[in-house]
Amino acid sequence: MPEVFQNGWQYYTKAVAAGMAAKAGQDYCTNVEQAIGTFTDDMYKIVHEHGNLGVGQCKGFVAEAWHAGTFNINASLKGSIHKAYVNKSNSLGSVDVSTNFGTDYSMKYLESAKASASAQAKNYYEKYYEYLRRSRKGEPMSFEEYLQKYGIENNPEELFKSVYSGQYRVVPKEQLEEAIKYLEKLKGIEEGKDGINRALIYENYAETLRKLTDKISDGEGVESIPWDKESAEIIVELCREGRFKPIDISKLITTDYILQQALKAGYTAAVMSLVMEIAPKVCEAIILLAKNGEIDPEQLKKIGLAAVKGPTLGFIRGYVSCALTIACNSGKLGTQFVGVQGNVVAAITVLVMDTVKNAFLVATGKMTAREMSVKTEDAAIISIGALIGGSIGTTLLPQLVVLGYMVGSFVGSVIGTIVAEGKNTIILALCSNTGITLFGLVDQDYTLSKEMIEALGLSVVSLNRVELSHNGLKRNELKQTELYRNELKHLDVVCLRRGVIGVRRIGYM
């Protein structure tokens with residue numbers, strides 16, 4: 001049983017690292033699909049929520065969903081944890097799009113660059129006068145009441161700030177350059193004037209200029225797609241007509257993204273393989289140290305070899321498993337492979353790599369074809385056991401999917417090893433007792449071995465090469481020998497029996 005356990009562990013160390021890498025690839029595709037789905041739903045939802053507004057007014061709300069959605073898709077493609085959220089707030093100076101990396105954004109998609117830039121730089125005085133112009137019913141609030149309502153301090157340093165101070169200010173793509181020039185012009189006008197109020201106004205324009213942009217960015221390469229006003233209006237119309245289509249994931253996930261994710265998964269698989277390869281050997285070394293007071297040098301050699309071999313092969317298995325899983329689930333290999341489970345891809349990867357390695361050993365004469373056939377059969381059975389065990393483990397531990405998969409896969413690997421060993425024992429026992437070949441699975445070879453011939457008292461000579469010449473052959477006369485009963489002193493009888501003399505080979509023992 002310890003040998004069976006060890007064989008199961010050896011397969012498990014290969015399969016679990018590849019399985020985790022494949023799961024990372026599957027999760028990657030799932031995250032991208034979810035980001036695309038959320039983006040599409042949000043675009044439709046916002047257009048329908050503001051269905052009473054004209055296209056010109058609605059596009060500003062749609063811009064919020066566009067920038068947040070395209071940023072999140074880009075983040076999922078690059079494997080980033082950063083997210084952007086549409087806040088849907090209309091209060092004074094409210095944030096239109098917030099993020100989980102500490103930056104907030106205000107969106108203004110107005111008819112001109114001047115209008116968009118001015119709206120982003122508008123201070124509390126200007127917002128109050130705007131409120132007065134729009135007040136139609138009842139007595140409007142006084143300035144003090146207005147400030148109190150929104151919790152604004154009544155001092156010039158606060159009141160001359162933009163109501164969006166601290167936020168990044170997003171404007172349409174085609175307006176950005178002109179908006180920058182406009183703000184620089186306003187800043188230059190205020191720069192030559194005296195007085196503290198003029199200095200505060202100047203600082204407002206300078207701060208707005210520093211924060212002006214046409215996209216959301218985390219500064220680490222993840223960005224939203226800059227959007228122009230005309231495209232925003234077209235998208236609004238498409239959403240209202242129900243013709244806005246989700247983005248095709250197969251076009252988004254390029255080869256570069258697949259390779260990037262495969263590299264990450266490969267590194268993780270290499271570390272897992274290293275730990276799992278050396279863990280049993282380290283434990284053996286500790287046990288020997290406790291018993292004998294010293295560590296066996298041979299044990300240290302084993303640890304060193306495992307540390308070299310494990311990570312290299314683990315990286316290759318993880319890299320291939322992850323890349324294949326992403327390629328399948330993103331539709332790169334055809335729609336028929338979309339939805340394939342990562343653990344299946346991992347099992348196939350391990351099986352194929354082991355088969356290729358064994359084929360190389362056969363080609364170099366270090367393994368027979370029969371041995372390769374048996375090893376491939378056993379690996380297939382163990383793979384099936386690991387797959388079934390992993391599925392059961394994830395079902396029993398839905399809150400701890402990774403742990404459930406690892407435990408289930410290990411148990412399945414051990415059971416698969418037991419089944420494979422039992423299968424070989426049954427086949428060989430049946431063929432040994434009956435003499436059948438079981439459709440060629442077992443060779444029945446009853447050629448007498450060298451040892452058996454020598455046991456008969458005959459001399460055995462091994463010849464590498466024999467050259468025969470017709471002229472050199474002489475005819476030998478064999479004389480008749482007569483045996484008399486009194487010449488037989490004793491007679492040795494050796495009973496031969498059938499048994500296993502090689503891999504799937506039955507013969508006389």
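The first residue of the sequence shown is numbered 1, and numbering continues consecutively from there.
- Atom CD of E177 has 12 or fewer heavy atoms from other residues, nucleotides or ligands within 6.0 Å.
- Side-chain N or O atoms of S165 include none that pairs as donor or acceptor with a backbone N or O of K161 at under 3.5 Å.
- To the nearest 0.5 angstrom, N31 atom CG is 12.5 Å from I73 atom CD1.
- Defined by atom type and a distance below 3.5 Å, a donor-acceptor pair is present between the side-chain atoms of S98 and N87.
- Judged purely by atom type and a 3.5 angstrom limit, Y28 uses its side chain to pair as donor or acceptor with the backbone of L77.
- How far CD1 of I36 is from OG1 of T70: 12.0 Å, rounded to the nearest 0.5 Å.
- Between the side chain of Y44 and the backbone N or O of F244 there is at least one donor-acceptor pair closer than 3.5 Å.
- Scanning for side-chain hydrogen bond (donor to acceptor under 3.5 Å, both in side chains) contacts around E64 gives an empty result, with sequence neighbours left out.
- Shortest non-hydrogen contact noted between F71 and A84 is CD2-CB, 3.8 Å.
- Here the shortest heavy-atom pairing between C29 and N329 reads SG-CB, 3.7 Å.
- Side-chain polar atoms of S231 and D228 form a donor-acceptor pair below 3.5 angstrom.
- Contacts of L92 classified as side-chain contact (heavy atoms from CB on, under 4.5 Å), with partners at least two apart in sequence or in another chain: Y124, K127, Y146, Y150, V163.
- With values rounded to the nearest 0.5 angstrom, L176 atom CG is found 5.0 Å from D214 atom CG.
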Go through the steps to decide whether K83 and T99 satisfy the test side chain to side chain contact (heavy atoms under 4.5 Å, CB included), and finish with yes or no. CA-CA 6 Å; K83 298 290 181 185; T99 67; over 6 Å; no

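- For A265 against G318, the heavy-atom pair with the smallest separation is CB-O, 4.3 Å.
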Going through the distances and angles, do D96 and Y105 end up as a side chain to side chain contact (heavy atoms under 4.5 Å, CB included)? CA-CA 6 Å; D96 291 327; Y105 293 83; 5.9 Å; no

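- Contact record, S250 with K332: O-NZ, 2.7 Å, taken as the closest heavy-atom pair.
- Every salt bridge (charged side-chain N to carboxylate O under 4.0 Å, His left out) that E223 has, sequence neighbours left out, goes to K215.
- Side chain of S116 to main chain of L110: a donor-acceptor pair is present (N/O by atom type, distance under 3.5 Å, no hydrogens or angles).
- S321 places no side-chain N or O within donor-acceptor distance of the main-chain N or O of G342, the cut-off being under 3.5 Å.
- Under the 4.0 Å criterion applied to side-chain N and carboxylate O atoms, K229 and E233 are assigned as salt-bridge partners.
- Residue-environment remark: CZ (F360) stays at or below the threshold of 12 foreign heavy atoms within 6.0 Å.
- When the side-chain contact (heavy atoms from CB on, under 4.5 Å) test is applied to E241, the partners found at least two apart in sequence or on another chain are E237, R243.
- Looking at every heavy atom in both residues, G166 comes nearest to K211 through O-NZ, 3.9 Å.
- Taking 4.5 Å as the limit, some side-chain heavy atom of I247 sits within range of a side-chain heavy atom of F39.
- Listed here is the closest heavy atom pair of A22 and A346: CB-CB, 4.0 Å.
- Of the N and O atoms on the side chains of R169 and T208, at least one donor lies less than 3.5 Å from an acceptor on the other residue.
- The structure places OG1 of T30 at 8.5 Å from CD1 of I249, a figure rounded to the nearest 0.5 Å.
- At least one donor-acceptor pair under 3.5 Å links the side chain of S94 to the backbone N or O of S89.
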List the steps, then state whether side chain to side chain contact (heavy atoms under 4.5 Å, CB included) holds for T38 with N72. CA-CA 9 Å; T38 301; N72 290 337; over 6 Å; no

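- A salt bridge does not link E220 to K78: none of the charged side-chain nitrogens sits closer than 4.0 Å to a carboxylate oxygen.
- Annotation: side chain of S162 is not in contact with side chain of K122 (no heavy-atom distance under 4.5 Å).
- Of the residues I316, T325, V344, V320, the one that meets the side-chain contact (heavy atoms from CB on, under 4.5 Å) test with T349 is V320.
- Taking the side-chain hydrogen bond (donor to acceptor under 3.5 Å, both in side chains) definition, one finds that R240 meets it with nothing, sequence neighbours left out.
- Rounding to the nearest 0.5 Å gives a distance of 11.5 Å between NE2 of H48 and CE of M43.
- Counting non-hydrogen atoms of other residues, nucleotides and ligands closer than 6.0 Å to OH of Y168 gives a total of 12 or fewer.
- Within a 6.0 Å radius of CZ in F101, other residues, nucleotides and ligands contribute more than 12 heavy atoms.
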Could you go through the side chain to side chain contact (heavy atoms under 4.5 Å, CB included) check for V340 and V345 one step at a time? CA-CA 8 Å; V340 66; V345 175; 4.1 Å; yes

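- Residues in residues 212-232 take part in these ring pair (Phe, Tyr, Trp, His ring centres under 6.0 Å) pairs, two or more places apart or across chains: W66-W227.
- Looking only at distances, a side-chain donor or acceptor of Q167 sits under 3.5 Å from a matching main-chain atom of G93.
- Residue E174 qualifies as enclosed at atom CD: its count of foreign heavy atoms under 6.0 Å is above 12.
- Once rounded to the nearest 0.5 Å, the distance linking OH of Y109 with CD of Q175 reads 8.5 Å.
- Between the side chains of K108 and Y164, at least one donor-acceptor pair of N or O atoms lies under 3.5 Å.
- Side-chain atoms of S224 come within 3.5 Å of backbone atoms of I216 as a donor-acceptor pair (strictly under, hydrogens ignored).
- One N or O on the side chain of T268 and one on the backbone of K264 form a donor-acceptor pair closer than 3.5 Å.
- Here the side chain of T364 pairs a donor or acceptor atom with the backbone of L361 at under 3.5 angstrom.
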